[in-house]
Amino acid sequence: MGMVVPPGTFAQPMDLAFCANDLFVTDPGTGTYWCVPQAGLGAGMAGTPVPVANGFPDLFGVAVDANGDQYVTGGTTGDLYRFPAAGGPFQIVGNVLGGGSAMGITIDMAGFIFVAEGLVGADIDVFGPGGGAGIPINTIGATTSGWTWMAFSPTQQVNPPGGFDTFLYTSNSGNVGPANCCAGAVCMTDVALIGNVNGLAIPSVSACSKPWLGTVYVGSPPLSGNQPSGFAFDLPSGMLFSADFGAGTLDLTQPFGGGTIQINGGLISPQGVSIGPDNFIYVCEAGIKGTVSVYDPAGNFLYDLFPPGSLPDPVDMAWCDDNLYITERQNGNVPVSYTHLRAH
C-alpha cells in the first residue's frame, strides 16, 4: 500500500472518479475540487495534486460524461457545476428544485444528469446533457432520504428497446420519509417510465479511455433494511452486492427481480463495496477491523488486503485497471490510498 498523495492533502474527501488516468476528488472539508494527474498509471507515477477550483461552500459528488466533462454537486448550495474536459473556468449549469441539497450524481448513457436532493422525501432531479437549460427537465418525486448515492445497472434487461438497461438504483441513508422514498434501503426505478428520458443512446467514442466503474457509498443505511452502505454490480452476471453498515452483512441481489439474500453476516462496519478484476468482492471495513476485506461471490471471507488497523476508516474505492484506489477518513486527515493488485 502506498499513498497517491501526501497525507493531509485532503481534509474530507467525499467522492472520486477517474477520467482516463486522472483521478478527481471532491473535498468539502476545504471546499476544493482536486485533480491527481496520472494517478491511474500506478505506484509513484501520480503527478502533484492540482486544485482545479476552490472556495466552494460545500461539495459532494462527482461524475464524468462521455466527453470527459466533469459534473460536481455542491451539497447544501444545491448547485450543479460543470468542469470542461479542455480546462478553463467551471460553470454553474443547474440547481436542484425546492431548495434542497445536491448530493449523489450519476449520468446515463445519453448524457442525462441525475442529481439526488438531500432532504427527506425530496426528489431526484434530471437535467439535460451538459446541464440543459439549467433547470431539471424532469423529477423522480419523493425518492430520497438523507444522503443518497446512485448508479445505473450495467446489465442488459429485456424491457428497454435495444436491450439496454434503464434501471437506476439509489441508496438512501435516512430512516424516515414517505413510503416511496426508500428510507434506509436500496431502491430501483425504471427511468424509461418517467418520460422525457430514455438513457439508451450509447456514445460511440469517449474521452475517457478507461471509464470509471466505481462503487457507491452511503454513510448510513441495504436492501435488508438496516443501514445500507456501499453497493456494486458484477458486470458479467448483473448481480448486485451490497453492504449493511448497521447489520454488518454482505447481501446479494439477483438480477431481474430474483430477490435478496444475506451471504455473510460477520462484517465489521462495512462501507464501500467494489468488484475487483478477479471478480472478488472488496469491502471497506471500518472500526476495529480497519482494512479492506476480500470475499468470493458466495460471501466466503478470503483475506484482508492490508493488516487489520491499517485503514481506520476506509470509505470508498475505485478501480483503474488493476489498481485500487481507496479514500480513508480519520480525524479530518484523509489521504487517498493506493495498492496494485493483480487478479488472483
Side-chain angles (χ1 to χ4, degrees), residues 104 143 145-155 157 165 167-177 179-189 213-276 278-305 308 311 313-317 319 324 326 344:
T143 48
S145 178
W147 285 16
T148 301
W149 295 72
M150 300 182 292
F152 279 97
S153 167
T155 62
Q157 307 280 357
D165 190 1
F167 289 102
L168 174 69
Y169 287 78
T170 60
S171 178
N172 296 297
S173 65
N175 58 8
V176 295
N180 62 326
C181 83
C182 301
V186 172
C187 288
M188 180 182 77
T189 301
L213 298 175
T215 61
V216 180
Y217 164 76
V218 65
S220 164
L223 295 157
S224 56
N226 193 321
Q227 282 188 304
S229 41
F231 64 84
F233 286 97
D234 176 62
L235 292 179
S237 68
M239 293 186 294
L240 174 68
F241 293 90
S242 57
D244 191 315
F245 182 88
T249 63
L250 181 63
D251 298 333
L252 166 66
T253 301
Q254 298 284 347
F256 310 110
T260 300
I261 59 172
Q262 176 183 308
I263 58 175
N264 193 302
L267 282 67
I268 305 297
S269 302
Q271 302 190 120
V273 178
S274 186
I275 308 294
D278 46 15
N279 293 320
F280 293 150
I281 297 92
Y282 291 71
V283 183
C284 292
E285 295 192 56
I288 60 174
K289 190 71 179 288
T291 188
V292 174
S293 301
V294 184
Y295 299 84
D296 68 18
N300 299 306
F301 171 77
L302 299 177
Y303 56 89
D304 291 326
L305 199 58
L311 302 173
D313 192 13
V315 176
D316 198 8
M317 296 173 286
W319 289 93
L324 177 63
I326 309 157
H344 283 63

- [ ] For residues Y295 and N264, determine if any side-chain heavy atom of one lies less than 4.5 Å from a side-chain heavy atom of the other.
- [x] yes

- [ ] Compare all side-chain heavy atoms of L311 with those of V292 and state whether any distance is below 4.5 angstrom.
- [x] yes

Task: Identified side chain to side chain contact (heavy atoms under 4.5 Å, CB included) counterpart of C284 within the set P314, P270, S274, S293 - done: P314

- [ ] With sequence neighbours excluded, tell me which residues meet side chain to side chain contact (heavy atoms under 4.5 Å, CB included) with N300.
- [x] D296, A298

Task: Expected output: side-chain E285 to main-chain I268 donor-acceptor under 3.5 Å - done: yes

- [ ] Give the intermediate values and the outcome of side-chain contact (heavy atoms from CB on, under 4.5 Å) for residues I281 and V294.
- [x] CA-CA 6 Å; I281 297 92; V294 184; over 6 Å; no

- [ ] Using side chain to side chain contact (heavy atoms under 4.5 Å, CB included) as the criterion, list what pairs up with P308, not counting sequence neighbours.
- [x] D304

Task: Separation between CG of L252 and CD1 of I261, rounded to the nearest 0.5 Å - done: 5.0 Å

Open item on the list: How close do F280 and P297 get, counting heavy atoms only, and between which atoms?
Closed with: CD2-CD, 4.3 Å

- [ ] Considering non-hydrogen atoms only, spot the tightest contact between Q262 and D251 and give its length.
- [x] CA-OD1, 3.4 Å

Task: S269: side chain to side chain contact (heavy atoms under 4.5 Å, CB included) partners, not counting sequence neighbours - done: F245, A286

